[in-house]
Amino acid sequence: MTVAVRKTEEPERTGTEESPAPARRARTVSRSVVVAAILLVWLVLFAVLRGKQTLSLAAADLTDLHRWFNDVNDSIGANRNSNPLFLYFFNEIRLVIDTLVTFVQELISQPPPGRPVPQIGWLGVVGIAGYVSWAVGNWRVALLAVAGFIFLGLQGLWQESMDTLALTLSAVLVALLFALPLGVWAGLSDRFNRIVTPFLDFMQTMPTFVYLAPLTLFFLIGPASATIATAIYAAPPAIRITAHAIRSVPETTVEAADSMGATRRQALLKVLLPMSKRTVVMGVNQTIMAALAMVTIAALIDAPGLGKTVVQALQSLDVGTAFNAGLAIVVMAIVLDRVTTAASGRAETARGSGSPFLKWRRQLLAAGGVAAAVLVYLSHTYVWAAEFPGEGSVGSSISRTTTDVTTWAQDNLAGLTNAFRDVLTNGLLNPFQTLLTDSPWWLVGAALVAVGTVLGGWRAGATAAVCVGLLVGTGVWSDAMTTLASTAVATVLAMLLGVVLGVWMGRSALVDRLLRPSLDAAQVMPPFVYLVPFLALFGATRFTAIVAAIVYAAPVAIKIIADGVRAVPETTVEAATSTGCSTWQLITKVQLPMSRGALTLATNQGLIYVLSMVVVGGLVGAGALGYDVVGGFSQGQLYGKGLAAGLAIVLLGVMFDRITQAAARRAGA
């Protein structure tokens, strides 16, 4: 009977050429009307039921679930050295990871037993960085790497930078050890690719901080948990890109190898991997960037390095020190990004350069290797070559200047910044937060489920219902609603910025060339770095966290919208122009409506990026779930509440990710 109904309905949809567009417009309008009706009913019931059944919980209060988490944590701590699962599995993994991290740290950052300095001092590290950058890239990249590493020392942050580099390298090694084989497997097997894709989606959707609390339960606070969390976060890009690289090899090439009698192993090692090398190196680049971002965040669980310096400075509102350390993170990110990017295209660049030194490359590399080995020997043997000279005067100057600029800005711009903050806070954030936190929990839940069903379909609505129920169970409903209010406001503002700049980029190739490098650089920066300048301007408030989240999320939304606008067929644009459409009409009536899928996808990604800043915002007064997570790391009695808050962040992310993805599919249908 279902088939018969589909057959009878099909001619109604395709009987005329003009019927699909009005039908689609009618469906879009009807969804908008239904959403508006849901919001209206919500507002009416809110006026009647305000303040009832809000499930509010004081900062120091705990629920039974939180106490149970605390008991589990205490029980694991008491039985860690007697439980076989820990003795022969978790403890062994922690020992191996700790050994790896300690080895790399003793190599470049921390003095091993019996030595006053690391095995390789600053001069050797700079020599290795320059040589490797030259070997995989070119002399310009090598010069950038040497200058970048020397600048880290001039900032007075050499050891902190090397600790960060050691953790990053350890995490990348662990991540690639698993990611590359899994990526190759996913590239060769459609079945495995279908199995692994949902897990990769979940890993990339989950906010980064959520990895931290459960891992500390099994691996304790310290480098091991930080490295494992970083490896989990950094592995998905390498898996996805490696699988894509394997699948992108032309079928004719694979068939030619098969016809010559190559085995599956020979085809992989002699054909697929060599032809995928450039793309695989790009995957390694993305893994390194993700690892660097996560390593700085892992300072919340006592990971050493620049992230710890930033966290301590933010907690004491020392903007100068935070800016200096944040700048060091940016410098390291730029160096690592440029080196790995150059490595992915070195062969093609070298062939096209026509350099007269190309034929002498092997001899020059050998000579460079000898020079680097000499620098390593000197740094291993002599203290002057091991300890970075000077007292970090450049860093002191940067911190002092930043503090002076901050003081000036607070004294002279306070009126402007406070007015801007108050307008958005009182006009947008406070009313929405009041609606969410003062409405009965069941009313908010019903509204979220209804809106999710209307926008994303019944599956999205069912996901929303499950997430709402679990959110209630976490015992942090009120804090989750406060976080939801800040997240929604930040996402709306990020999307407004994304639409304006994205349309501008999509319509102008010149603007795209000018803005895209800045957007790429912004996506390379770890989230901590965004907080520092806004902390100077707005102080430690939830508004600071919102602005930082907007700046962090906007680049990805801008790029997606720009690509969507650019994908609108030129013939359609020309037809609209020929009918007399103005620029405004062309944008609002043609390009944006035809980019609905890109707009919805941009909203999805913007929302996920904003959520990933929730805990970072907790460091500067954002409160709610972010504060709960940070408190769980720093105060043992709040561990269970922090773990529940991390779970609540995941549930918010999953709920809105599923709703916006389903809405994007509907919009693109």
Side-chain angles (χ1 to χ4, degrees), residues 94-135 142 144-174 222-227 230-231 288 291-292 294-296 298-299 302-310 312 324-325 327-329 331-333 335-336 339 368-396:
R94 178 165 59 87
L95 179 62
V96 170
I97 299 297
D98 275 337
T99 302
L100 172 64
V101 174
T102 301
F103 171 76
V104 181
Q105 283 184 309
E106 291 180 351
L107 203 62
I108 63 175
S109 66
Q110 299 286 345
R115 280 181 60 87
V117 292
Q119 297 287 356
I120 302 176
W122 78 271
L123 192 61
V125 171
V126 170
I128 293 173
Y131 176 71
V132 171
S133 303
W134 178 39
L144 173 66
V146 169
F149 274 78
I150 291 177
F151 183 70
L152 296 175
L154 294 175
Q155 287 182 278
L157 296 170
W158 179 260
Q159 182 169 322
E160 292 86 345
S161 301
M162 292 304 99
D163 279 329
T164 296
L165 182 62
L167 280 178
T168 301
L169 293 178
S170 301
V172 168
L173 179 62
V174 173
S225 292
T227 303
T230 302
I288 292 174
L292 180 59
M294 187 64 185
V295 159
T296 56
D302 204 32
L306 294 168
K308 178 176 286 189
T309 304
V310 175
Q312 292 172 347
N324 188 44
L327 181 61
I329 295 171
V331 169
M332 185 175 291
V335 170
L336 295 178
V339 170
V370 172
V374 170
L375 295 179
V376 169
Y377 171 77
L378 292 174
S379 71
H380 178 76
T381 307
Y382 300 100
V383 174
W384 63 266
E387 295 180 345
F388 197 91
E391 301 294 330
S393 57
V394 172
S396 300

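Please read these numbers as outputs of a predicted model, since none were measured by experiment.
Atom CZ in F151 sits 13.0 Å away from atom CH2 in W158 (nearest 0.5 Å). Between I120 atom CD1 and L378 atom CG the span is 12.5 Å, to the nearest 0.5 Å. We find the OG1-CZ distance between T99 and R94 to be 10.5 Å, quoted to the nearest 0.5 Å. Atom CZ in F149 sits 5.5 Å away from atom CE in M332 (nearest 0.5 Å).
With hydrogens and angles disregarded, a donor-acceptor distance shorter than 3.5 Å links the side chain of T164 to the backbone of L306. Judged by distance alone, the side chain of R115 and the main-chain N or O of H380 form a donor-acceptor pair under 3.5 Å. S379 places a side-chain N or O within donor-acceptor distance of the main-chain N or O of G121, the cut-off being under 3.5 Å. A donor-acceptor distance shorter than 3.5 angstrom exists from the side chain of Q155 to the backbone of N324, with no hydrogens or angles considered.
W384 places a side-chain heavy atom less than 4.5 Å from the side chain of L123. Looking only at side-chain heavy atoms (C-beta outward), L169 and L173 stay at 4.5 Å or farther from each other.
Using a cutoff of 4.0 Å between basic side-chain nitrogens and carboxylate oxygens, D302 and K308 are scored as salt-bridged.
Checked against F388 for a side-chain contact (heavy atoms from CB on, under 4.5 Å), the options L152, L157, I150, V126 give a single hit: I150.
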